[in-house]
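By convention in this document, chain letters (A, B, ...) are assigned in the order of the sequence lines, proteins followed by strands, and residues within each chain are numbered from 1.
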Protein chains: 2
Amino acid sequence: MLALEDLTEMLKGILEGCVLEIISRKETYGYEIVKKLNSLGFEDVVEGTVYTILLRLEKNKLVNIQKKPSKIGPPRKFYTLNEAGRNQLQTFWRKWDFIASKINELKENKDGN
Amino acid sequence: MLALEDLTEMLKGILEGCVLEIISRKETYGYEIVKKLNSLGFEDVVEGTVYTILLRLEKNKLVNIQKKPSKIGPPRKFYTLNEAGRNQLQTFWRKWDFIASKINELKENKDGN
DNA sequence: ACATCTATATAGTATTACTAGGTAGATGGT
DNA sequence: ACCATCTACCTAGTAATACTATATAGATGT
């Protein structure tokens, strides 16, 4: 993997949406979400970052939470999206599609309009 | 245009790149950049935002600046990219392409990987 | 004299991802 | 018994960025 520089600033407002999307797929928990993001390509995303997002989602009442024991470590907090969470996820993708299309428009428009 | 909500957070780390790209096309100034961004679709981007970015670019020595009088208002500060600015722009697009591809991968992968 | 458009600047705010720690359960090796 | 390691969660403080709100000022038209 080519060493790409810091993506921190560009992930703002995007990481939370990614977490929502991952949770929407199947009931999951923080540690697993971190691994998922890492394997997706966001290798520098660490636990502290994801846990703050998860606590924010909880505070904003976008998720349901269920604690379950694990056989290989401490208990896990499993997250699922509630109705508000699914709405938020939809909103995220609408924003993403909008921004991505506009940015690509700017990028391709090399002639300069 | 459908009223799309606040894009602020998702623009973090992206707006500066857009400004760099716009400057790279042709010598231009703040007020004109604002109008360009607005017409691109980022209608809520206001002057204060762009001027802080431009002052940051200047501070980081990514631009050359030339002040010129205007016939229809106060003098304009015209910006062009220097070598460092062009490098920064290239870096921005590399980051963007990386993130956009990963996000779209996540988005399309509805089966769950 | 006033409004409007053009044009730049800046102090303060909110939000977000990250840093840098800490706590703790389970397993395996020495 | 001790320690390292992996799993799993939490949190106080920091840095960076876009935005809010406001100020200043030149030029034009009424």
What is the distance, rounded to the nearest whole Å, between atom [atom1] of [X] and atom [atom2] of [N]?
X       : N      : atom1 : atom2 : value
A/Arg56 : C/dA17 : CZ    : C1'   : 8 Å
A/Met10 : D/dA15 : CE    : C1'   : 18 Å
B/Asn38 : D/dC19 : CG    : P     : 11 Å
A/Lys12 : D/dA16 : NZ    : P     : 9 Å
B/Glu16 : D/dA15 : CD    : C1'   : 14 Å
B/Asp6  : C/dT13 : CG    : P     : 19 Å
B/Glu9  : C/dA17 : CD    : P     : 8 Å
A/Gln88 : C/dT15 : CD    : P     : 13 Å

Note: A/Arg25-A/Glu21 ion pair, threshold 4.0 Å (strictly below) =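 Looking at A/Glu21 together with A/Arg25, the answer is yes, because their closest N to O distance falls below 4.0 Å.
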query = Under a 4.0 Å N-O cut-off, is there an ion pair linking B/Glu83 with B/Arg86?
reply = yes
request  = Go through the structure and list residues passing salt bridge (charged side-chain N to carboxylate O under 4.0 Å, His left out) with B/Lys68, not counting sequence neighbours.
outcome  = B/Glu27
ask   = If you find the nucleotide of DNA chain C closest to A/Thr8 and the one closest to B/Lys71, which residue's nucleotide is nearer the 5' end?
value =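 With A/Thr8 and B/Lys71 compared, the 5'-side residue is B/Lys71.
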key: Hydrophobic cluster identity match, B/Leu55 and B/Val46, side-chain contacts under 4.5 Å   = no
request  = Mark yes or no for whether A/Lys102, through its side chain, and B/Leu37, through its backbone, hold a donor-acceptor pair below 3.5 Å.
outcome  = no
request  = Establish, yes or no, whether the cationic atom of B/Lys77 lies under 6.0 Å from the six-membered ring centre of B/Tyr79 and within 45° of the ring axis.
outcome  =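 No, B/Lys77 does not sit over the ring of B/Tyr79.
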note = Per-nt protein contacts along nucleotides 4-13 of chain D (heavy atom under 4.0 Å; B base, S backbone sugar-phosphate only, - none) come out as ---BBBBB--
